[in-house]
Amino acid sequence: MALPTATYEAIANTIKSSRILSAFVAPIARWNANAAGYRQLGLRYDDITMEETPIVQEALSRLPRDVLAERNYRHRRAFQLSLTHSILPKDQWTKPEEDKPYLRPMVALVESEFAEKAKYDNLVVKQ
């Protein structure tokens with residue numbers, strides 16, 4: 001069973017505000033991101049988001065053309081690397097400071113819009 005998003009945000013804020021917890025969790029988080037392997041292919045975390053949901057598809061359609069073109073280029077390059085069973089040279093890996101969210105804020109906005117629409121789109125006509 002998945003926890004609500006607010007719970008994850010509360011946990012993240014607690015960890016960030018505590019120096020002890022942050023010192024313990026930050027190296028584990030960095031190791032996990034490196035072990036995932038997407039940075040070695042030049043991808044960002046938002047590039048590996050599942051695109052099959054209507055919310056993500058709507059968020060992708062709202063991205064600026066240049067951001068979407070960069071995303072498509074990263075996907076094609078990663079696919080080519082996957083076909084050749086290779087990774088990028090270390091100087092071309094995605095650096096942690098470059099791995100900033102570009103899709104997650106848009107997904108959050110679309111989720112809130114869909115939730116608002118569902119809340120107010122429940123008119124039942126009785127005859």
Side-chain angles (χ1 to χ4, degrees):
M1 182 174 143
L3 293 173
T5 305
T7 305
Y8 288 120
E9 291 172 0
I11 293 170
N13 290 335
T14 302
I15 291 170
K16 289 177 185 175
S17 65
S18 170
R19 287 178 31 192
I20 295 171
L21 284 175
S22 182
F24 178 72
V25 173
I28 297 170
R30 281 192 298 274
W31 175 84
N32 186 38
N34 290 331
Y38 65 89
R39 289 182 178 166
Q40 297 172 355
L41 298 174
L43 295 172
R44 293 183 181 178
Y45 182 75
D46 283 353
D47 291 338
I48 58 176
T49 303
M50 284 188 3
E51 299 177 8
E52 288 80 21
T53 65
I55 292 173
V56 176
Q57 288 179 356
E58 178 65 27
L60 285 171
S61 70
R62 294 182 185 187
L63 287 176
R65 293 180 81 86
D66 59 332
V67 174
L68 196 57
E70 291 170 0
R71 175 187 168 90
N72 290 335
Y73 173 75
R74 288 190 300 270
H75 276 172
R76 289 176 188 226
R77 181 176 57 179
F79 183 69
Q80 182 65 33
L81 290 167
S82 177
L83 286 175
T84 60
H85 299 285
S86 59
I87 59 173
L88 290 171
K90 189 148 183 135
D91 62 332
Q92 294 181 14
W93 289 6
T94 303
K95 295 165 188 59
E97 52 274 359
E98 295 172 351
D99 196 4
K100 300 292 182 208
Y102 66 92
L103 184 61
R104 281 178 276 170
M106 192 66 70
V107 168
L109 177 67
V110 172
E111 280 179 339
S112 66
E113 289 176 5
F114 276 32
E116 183 178 2
K117 182 179 178 185
K119 179 180 174 185
Y120 292 113
D121 193 22
N122 57 6
L123 181 65
V124 177
V125 178
K126 294 182 181 178
Q127 292 187 359

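One is the number of the first residue; the rest follow in order along the sequence.
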Does any non-hydrogen side-chain atom of Leu21 lie less than 4.5 Å from one of Lys16?
no

For residues Arg77 and Leu41, report the shortest heavy-atom separation together with the two atoms involved.
NE-O, 4.1 Å

If every non-hydrogen atom of Ser22 is compared with every non-hydrogen atom of Pro27, which pair is closest and at what distance?
O-CD, 4.2 Å

Tell me, yes or no, whether the heavy-atom count around Lys95 atom NZ, taken from other residues, nucleotides or ligands under 6.0 Å, exceeds 12.
yes

Can a donor-acceptor pair be found, under 3.5 Å and without considering hydrogens, that links the side chain of Asp47 to the backbone of Arg44?
yes

Looking at every heavy atom in both Val25 and Ile15, which two are closest together, and how far apart are they?
CB-CG2, 4.0 Å

Judged by atom type as modelled, is there a donor-acceptor pair below 3.5 Å linking the side chain of Thr94 to the main-chain atoms of Leu43?
yes

Between CD1 of Ile28 and CG of Asn32, what distance do you get to the nearest 0.5 Å?
9.5 Å

What distance do Trp93 atom CH2 and Arg39 atom CZ have between them, rounded to the nearest 0.5 Å?
11.0 Å

Sequence neighbours left out, what passes side-chain contact (heavy atoms from CB on, under 4.5 Å) with Glu51? Give chain and number order.
Leu60, Arg71, His75

Could you give the distance from CD (Glu70) to CG (Leu63), rounded to the nearest 0.5 Å?
10.5 Å

Tell me whether Leu83 at atom CG has more than 12 heavy atoms from other residues, nucleotides or ligands lying less than 6.0 Å away.
yes

Partners of Glu113 by side-chain contact (heavy atoms from CB on, under 4.5 Å), sequence neighbours excluded?
Arg62, Leu109

Measure the spacing between CD1 of Ile55 and CE of Met106 and express it to the nearest 0.5 Å.
14.0 Å

Test item: Ser61 side-chain N/O and Glu58 main-chain N/O as donor-acceptor pair under 3.5 Å:
yes

Does a sphere of radius 6.0 Å around CZ in Phe79 hold more than 12 heavy atoms from other residues, nucleotides or ligands, not counting ones at 6.0 Å or beyond?
no

Check whether Ser17 reaches the backbone of Thr14 with its side chain - one donor and one acceptor, N or O, closer than 3.5 Å.
yes

Nearest 0.5 Å, what's the CD1-OH distance between Ile48 and Tyr38?
6.0 Å

Looking at Tyr45, I want to see if its OH is surrounded by more than 12 non-hydrogen atoms of other residues, nucleotides or ligands under 6.0 Å.
no

Distance check, rounded to the nearest 0.5 Å: Glu97 atom CD versus Asp99 atom CG?
9.5 Å

For atom CD of Glu116, is the number of surrounding heavy atoms from other residues, nucleotides or ligands below 6.0 Å larger than 12?
no

Contacts of type side-chain contact (heavy atoms from CB on, under 4.5 Å), residue Thr84, not counting sequence neighbours:
Gln80, Ser86

